[in-house]
There are 2 protein chains.
Amino acid sequence: MKPRSRILKTASHLFHIQGYNSTGINQIIEEASVAKGSFYYNFKSKEEVCIAFLNARHAYWFESLKNYIELKKNEEQPILLAFDFLIEMNVKENFRGCSFLNILSEIPSDNSKILKVIQNHKKDLRQYIASLVNNNKVSDHIYLLFESSIIESQLYRGQWPIKKSKKIVKHLIQ
Amino acid sequence: MKPRSRILKTASHLFHIQGYNSTGINQIIEEASVAKGSFYYNFKSKEEVCIAFLNARHAYWFESLKNYIELKKNEEQPILLAFDFLIEMNVKENFRGCSFLNILSEIPSDNSKILKVIQNHKKDLRQYIASLVNNNKVSDHIYLLFESSIIESQLYRGQWPIKKSKKIVKHLIQ
DNA sequence: TAGTATTTTTAGACTAGTCTGTCTAAAAAT
DNA sequence: ATTTTTAGACAGACTAGTCTAAAAATACTA
């Protein structure tokens, strides 16, 4: 594995479990076993690593979600499976919530570069949910419940908001 | 105004517009025109200021909300006014979202002291919404939409998620 | 009301550490 | 021959928190 990948992998892990501001470059390069020179050879700043992380996370998260739904689409309706996916992610990632929303809270509100990446991720999610439910009367409603599910389960460190939302959505789509 | 109040007022303002981690003690004491000794005479750590801020914010936010509803209860149903209150707060505070959720994203996930303050704030909100709607079949549903409204309007820097949620809630309660 | 004791606030030096980012110069890989 | 990576020193600025010693404010008491 080349330095660039090691940096990105380590930074992603640290940003995700510690947060962006609490993760320093020195920690990244040490845990990635990379020289500081290589860090700044491959990335021009910490912010650029952040953006690279968000892009990678975007790809990984959507792929995982789509995979999950594809795998179980015989058992339940896709949109309901999306909520099961959240439950599974919370278990796997220990209720760390949404990387995008977490970083949104950490950056100064005038950082439009990062803000745009976050907004685009959520726009894609909103659109994807719309494509799953195929009913534009309720799709934003479901999107809002989906978002709530993520944040509230992070907040309470429990799955009840997701289960509650799923139950509501079940009624909404029938 | 005594030093303690000046510190709390300044810190609250800075935490709210810059975030917790991006606000240093030196900036707080300078903008509050207070000696560093006074800071540590009145608070034993930055974390304690954070908790004091959250408690003050909790009181202020709820009082504002209840005031708003009391003032306009003849025009519309209380629970719908709660959403109008969010719109007004976004205008007043420039879409900075929820201080509690913002700080939730900034603190290490093992900081149970701060986490508890945040959880209690949201528990109170959930309960208050329940008391407004007086229908435990939909009250959590509304709570989840309320939370989404705050975060998504912060994310998109726009009021549409609140307006959308309000419309949904209007149908839910009739 | 005057004098004393206690609490609070002041300015600022200081510690020991953190941060992002730059730079050099050599080694390794391509 | 060029690109990439290495180790690590270094800069300049920041961090939370401690400490000193004097001044100011407050409270207590005779």
Side-chain angles (χ1 to χ4, degrees), chain A residues 1-55 99 102-103 105-115 117, chain B residues 1-56 102-103 105-115 117:
Chain A
M1 225 176 167
K2 286 191 159 186
R4 196 182 200 280
S5 314
R6 297 210 303 276
I7 291 167
L8 202 51
K9 191 187 171 186
T10 307
S12 297
H13 176 244
L14 293 173
F15 288 167
H16 192 243
I17 64 163
Q18 301 181 346
Y20 176 64
N21 287 321
S22 303
T23 302
I25 266 126
N26 291 323
Q27 191 187 4
I28 296 171
I29 61 168
E30 199 191 327
E31 294 192 19
S33 298
V34 155
K36 187 169 267 194
S38 297
F39 182 97
Y40 283 100
Y41 183 84
N42 286 284
F43 299 94
K44 78 171 213 281
S45 68
K46 189 187 173 186
E47 193 192 65
E48 209 177 70
V49 179
C50 179
I51 289 170
F53 155 61
L54 291 177
N55 287 333
S99 297
N102 285 338
I103 283 178
S105 294
E106 291 207 56
I107 54 160
S109 47
D110 60 351
N111 189 329
S112 58
K113 223 171 178 178
I114 292 182
L115 177 62
V117 178
Chain B
M1 227 177 168
K2 288 189 156 186
R4 194 181 202 279
S5 313
R6 296 211 304 276
I7 291 166
L8 202 51
K9 192 187 170 185
T10 307
S12 296
H13 177 242
L14 294 173
F15 287 168
H16 191 241
I17 65 165
Q18 300 180 344
Y20 177 64
N21 287 321
S22 302
T23 302
I25 266 124
N26 291 324
Q27 191 187 3
I28 295 171
I29 60 168
E30 199 191 327
E31 295 193 18
S33 298
V34 155
K36 187 169 266 194
S38 297
F39 182 96
Y40 284 101
Y41 184 83
N42 287 283
F43 299 94
K44 76 172 217 280
S45 68
K46 188 187 174 187
E47 194 192 63
E48 210 177 68
V49 180
C50 179
I51 289 171
F53 155 61
L54 290 177
N55 287 332
N102 285 337
I103 283 179
S105 294
E106 290 207 58
I107 53 161
S109 46
D110 60 352
N111 189 329
S112 57
K113 223 171 175 177
I114 292 181
L115 177 61
V117 178

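Residue numbers begin at 1 in each chain, while the letters A, B, ... track the order of the sequences.
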Strictly under 3.5 Å: I want the nitrogen or oxygen pairs between protein and nucleotides 23-25 of chain D, one per line.
none

To the nearest 0.5 Å, what is the distance between [atom1] on [X] and [atom2] on [Y]?
X: B/Leu54; Y: B/Ile103; atom1: CG; atom2: CD1; answer: 4.5 Å
X: B/Asn111; Y: B/Cys50; atom1: CG; atom2: SG; answer: 8.0 Å
X: A/Asn102; Y: B/Asn102; atom1: CG; atom2: CG; answer: 10.5 Å
X: B/Leu14; Y: B/Ile25; atom1: CG; atom2: CD1; answer: 12.0 Å

Who pairs with [X] by side chain to side chain contact (heavy atoms under 4.5 Å, CB included), at least two apart in sequence or on another chain?
X: B/Ile17; answer: B/His13, B/Arg96
X: A/Leu115; answer: A/Leu104, A/Gln119, B/Arg157
X: B/Asn55; answer: B/Ile51, B/Val117

Side chains of residues 28-42 of chain A: which donor-acceptor partners sit under 3.5 Å, not counting sequence neighbours?
from	atom 1	to	atom 2	distance (Å)
A/Glu31	OE2	A/Gln27	NE2	3.1
A/Lys36	NZ	A/Asn26	OD1	2.8
A/Asn42	ND2	A/Ser38	O	2.8

Discussion item. Tell me which pairs pass side chain to side chain donor-acceptor pair (under 3.5 Å) where either residue lies in residues 1-11 of chain B, with sequence neighbours left out.
Written reply: none

Discussion item. List the residues meeting side-chain hydrogen bond (donor to acceptor under 3.5 Å, both in side chains) with B/Glu48, not counting sequence neighbours, and say none if there are none.
Written reply: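 side-chain hydrogen bond (donor to acceptor under 3.5 Å, both in side chains) list for B/Glu48, sorted by chain: empty.
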
Worksheet entry | Under 4.0 angstrom between B/Arg4 side-chain N/O and C/dT7 OP1 or OP2 | no

Discussion item. Is it the case that the side chain of B/Asn21 and the backbone of A/Glu106 share a donor-acceptor pair, with hydrogens and angles ignored and the cut-off at 3.5 Å?
Written reply: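 No, the answer is negative, given that no donor and acceptor are paired below the 3.5 Å cut-off.
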
Practice prompt. Could you tell me which non-hydrogen atom of B/Thr23 sits nearest to which non-hydrogen atom of B/Lys46, and how far apart they are?
Written response: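 Scanning both residues completely, I find the closest heavy atoms to be O-NZ, 2.9 Å.
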
Worksheet entry | Least distance between heavy atoms, A/Phe43 atom then A/Ile7 atom |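 In terms of heavy atoms, the two residues are closest at CE1-CG2, 3.7 Å.
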
Short heteroatom pairs, N/O only, protein and nucleotides 12-18 of chain C, under 3.5 Å:
none

Item to complete: Convert the base pairs of DNA chain C into dot-bracket notation, remembering that pairs crossing earlier ones are written with [ ] and that bases paired across to another strand are shown as |; include only Watson-Crick or G-U pairs under 3.5 Å.
Response: ||||||||||||||||||||||||||||||

Discussion item. Run the ring pair (Phe, Tyr, Trp, His ring centres under 6.0 Å) test against B/Tyr20 and tell me which residues pass, sequence neighbours left out.
Written reply: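 Expected list: B/Phe15.
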
Worksheet item: Where along residues 11-31 of chain A does a heavy atom fall under 4.0 Å from DNA chain D?
Response: none

Response to the item:
In numerical order, the residues of residues 38-48 of chain A whose heavy atoms come under 4.0 Å of DNA chain D are A/Ser38, A/Tyr41, A/Asn42

